Amino acid sequence: KVVLEVDNALLFNYFKGVEYKLHPYYWDMMDLRDWKNLVVNDRTILMYPFDWMKILFPARSIYHSISFQELGIGSYTVLNRDKLQEAIQKEENKNTIEKSSHIVNELQLNYLNKIIAYCQSNNISIEFINMPSYPTKEVIHDNKKLHQYITEHYPSIPFHDYELLALPDSCYGDISHINYKGANALSEILIRDIKR
């Protein structure tokens, strides 16, 4: 089973300059269209081969210890940040909700559909997950749009939406991210809901 995070950021935005798109782990899955999309839409990441080839951090490890995450192969990162109240204050100072365009980014959609097709062609079940965010008016509004899109376009894929999960303020590092307390609370829920 593959559990894939699908949220507003993934569906409605494209993150330029994020070098992980060129991680060598993905090269055998990238086709000509993928490379063309990068050259046309995101060519700045081609300028940093030491990042996307993941040479820089292993080379640094010769001189000093580095964290597991710096190797670029993923793992859990402890978030100790405590900026929730500051972020809430900024939200309250806004006069209106900043409405996202809610126009699906075609590049993001292409990659999402490629992952789904790969899983389906290899008999791998896939489920979507949406991680908790602090329930501001904007988050609640955007969550409705996400639900609408997922329900219409992917009705057969289970969607575990925890974005509006009721967690105490102490579980958030900021509006968009839970901290280690939130991660512990969510882990218990994920074990119950997803680990079957």
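Since this is a predicted model, take the numbers as computed values, not measurements.
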key: Any residue meeting side chain to side chain donor-acceptor pair (under 3.5 Å) with Asn113, in chain and number order, not counting sequence neighbours   = Tyr154
request  = Could you tell me which non-hydrogen atom of Val2 sits nearest to which non-hydrogen atom of Cys119, and how far apart they are?
outcome  = CG2-SG, 4.0 Å
ask   = Rounded to the nearest 0.5 Å, how far apart are NE2 of His160 and CZ of Phe128?
value = 11.0 Å
query = Taking only residues two or more places apart in sequence, or in another chain, which ones meet Tyr149 in a side chain to side chain donor-acceptor pair (under 3.5 Å)?
reply = none
message = Does Tyr134 form a side-chain hydrogen bond (donor to acceptor under 3.5 Å, both in side chains) with Asp174? I'd like the steps, not just the answer.
response = CA-CA 8 Å; Tyr134 193 79; Asp174 56 37; over 6 Å; no
Beyond-backbone contact of Tyr172 with Ser133, side-chain heavy atoms, under 4.5 angstrom = no
message = Once rounded to the nearest 0.5 Å, what's the spacing between atom CG of Asp7 and atom CG of Asp142?
response = 10.5 Å
message = Just verifying a value: how many Å separate Ser176 OG and Met131 CE, rounded to the nearest 0.5 Å?
response = 12.5 Å
query = Is any side-chain heavy atom of Ile175 less than 4.5 Å from a side-chain heavy atom of Glu138?
reply = no
ask   = Out of curiosity, Ser170 OG to Leu84 CG, how far, rounded to the nearest 0.5 Å?
value = 9.5 Å
request  = Hey, could you give me each pair passing salt bridge (Lys or Arg N to Asp or Glu O under 4.0 Å) that has a residue in residues 36-48? Not counting sequence neighbours.
outcome  = Lys21-Asp42
task = Mind checking the CG-CG spacing from Asn105 to Leu112? Nearest 0.5 Å is all I need.
result = 11.5 Å
ask   = According to the salt bridge (Lys or Arg N to Asp or Glu O under 4.0 Å) rule, which pairs have a member within residues 103-120, sequence neighbours left out?
value = Asp31-Lys114, Asp34-Lys114
note = When rounded to the nearest 0.5 Å, the distance separating OH of Tyr14 from CG of Leu109 is 13.5 Å
query = Who pairs with Asn130 by side chain to side chain donor-acceptor pair (under 3.5 Å), at least two apart in sequence or on another chain?
reply = Asp161, Glu163
task = Identify, with sequence neighbours excluded, every residue that meets ring pair (Phe, Tyr, Trp, His ring centres under 6.0 Å) alongside Phe15.
result = none
